[in-house]
J.: 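Just passing along the structure, written as structure tokens.
Below, all heavy atoms of this structure are taken into account, side chains as well, without hydrogens, waters or symmetry copies.
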2 protein chains.
Amino acid sequence: MNLNECPCSGKTLARLIQPAVMAVLANEPLHGYVIVQRLTGMTMFQDHGPDITGVYRLLKSMEKKGFVTSSWELAASGPAKRRYALTPGGRACLTRWITTLRTYRDAVSNLLDTAAASGAAKTRRGGNRRTPTPEAKSDEG
Amino acid sequence: MNLNECPCSGKTLARLIQPAVMAVLANEPLHGYVIVQRLTGMTMFQDHGPDITGVYRLLKSMEKKGFVTSSWELAASGPAKRRYALTPGGRACLTRWITTLRTYRDAVSNLLDTAAASGAAKTRRGGNRRTPTPEAKSDEG
DNA sequence: GTACGGTATAAGAGATAGTCCTATAGTGGA
DNA sequence: TCCACTATAGGACTATCTCTTATACCGTAC
């Protein structure tokens, strides 16, 4: 029982790299490496950043699905870079993601309410502040 | 390119079954089947409900990790039921989940902002914000 | 002139999580 | 007997994610 190995630590909260990549690509075509840097600055990857291999792998699969296109960029100096751009299909996917994310955020809030109402959060004593939440009036607890 | 097979459809938005199960178990010990029914009523599983096999599988793994305990309940009629109860360790995990979920909700909001700001949501017309992207003038290929 | 770190891409192997299909067992109704 | 509902669960598969390792180019330090 090591809570640091548990998903509750927040380390493995993912499954959202796809929309995150699409979101940064929606602004402008970028190289994989730059995408990773952008993602690293995002809230969802705060301290650790996404796995680089995973991002490249994802970009490959996204290209296969037609969500992005890529082209090699040969600069005068430095290694070749692959430049990824969002396709109209990818943009449609991102648009749908936005709806999904709203639902998701809602679901997480709902889950938070359920969890908080269960009393699991009451580890600390000293008067659980009677939050004026709507469920305060329900006859539960 | 079938968006119905894409995670953006919201079908595969999961990874949160664990805290959901813990949240419903925090109130009272329950049978697996009842847990599934409770989950089905939650926002995050609105229309489809969780996979039953997955929930039983999860409960097993949670027991192995020490987050729940189980005991067989032999009623006068009907098949034997396994009754799951949250352990103190499981409760600690749930408490941590609450913090994680807040962070997660925050991250999703942040991602929503990024995605919405990218203009992906602007499927409707109404004057596309004049954002002459830098690569509009460079002809890279 | 090579060792090191940064930029840039990517495959292999494995872990984890979740879904679909199937199997079991008891109860009750048509 | 067949079917539906309650109740639990394994097998096989897929998707996703991580860890390790590999490559190639570049600049700087020693």
J.: What's the closest nucleotide to the side chain of A/Tyr56 if the choices are C/dG18, C/dT9, D/dT8?
T.: C/dT9
J.: Please pick, from D/dA9, C/dC20, C/dA10, the nucleotide with the shortest atom-to-atom distance to any side-chain atom of B/Asp51.
T.: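 Minimum distance to the B/Asp51 side chain belongs to C/dC20.
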J.: Of the options D/dG10, C/dA10, D/dT8, whose atoms approach the side-chain atoms of B/Thr53 most closely?
T.: D/dG10
J.: Has A/Thr87 got a side-chain atom pairing as donor or acceptor with A/Phe67's backbone, closer than 3.5 angstrom?
T.: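 Here the side-chain-to-backbone pair exists.
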J.: Between D/dG10, C/dA8, D/dT8, which nucleotide gets closest to the side-chain atoms of B/Lys60?
T.: D/dG10
J.: Can any side-chain N or O of B/Gln18 pair as donor or acceptor with the backbone N or O of B/Leu58 at less than 3.5 Å?
T.: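 No, the answer is negative, given that no donor and acceptor are paired below the 3.5 Å cut-off.
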J.: Starting at CZ of B/Arg57 and ending at C1' of C/dC21, how long is that distance when rounded to a whole Å?
T.: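 It is 11 Å, rounded to the nearest whole Å.
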J.: Reckon A/Gln18 has a side-chain N or O less than 4.0 Å from the OP1 or OP2 of D/dT16?
T.: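 Yes, such a contact exists.
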J.: Does B/Tyr104 have its ring centroid less than 6.0 Å away from the ring centroid of A/Tyr104?
T.: yes
J.: Write down the distance between CD (A/Gln37) and C1' (C/dG6), rounded to a whole number of angstrom.
T.: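 Interatomic distance, CD of A/Gln37 to C1' of C/dG6: 10 Å.
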J.: What is the nucleic acid contact for A/Ile52, judged by heavy atoms within less than 4.0 Å: base, sugar-phosphate only, or nothing?
T.: base
J.: Would you say B/Met62 and B/Lys65 make side-chain contact, with heavy atoms under 4.5 Å?
T.: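 In short, these two side chains do not touch, never coming nearer than 4.5 Å.
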J.: Base, sugar-phosphate alone, or nothing: which one does B/Gly32 contact when heavy atoms must sit under 4.0 Å apart?
T.: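 If one applies the 4.0 Å heavy-atom cut-off, B/Gly32 turns out to touch the sugar-phosphate alone, with no base involved.
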J.: Can you tell me how far P of D/dC17 sits from CE of A/Met62, to the nearest Å?
T.: 12 Å
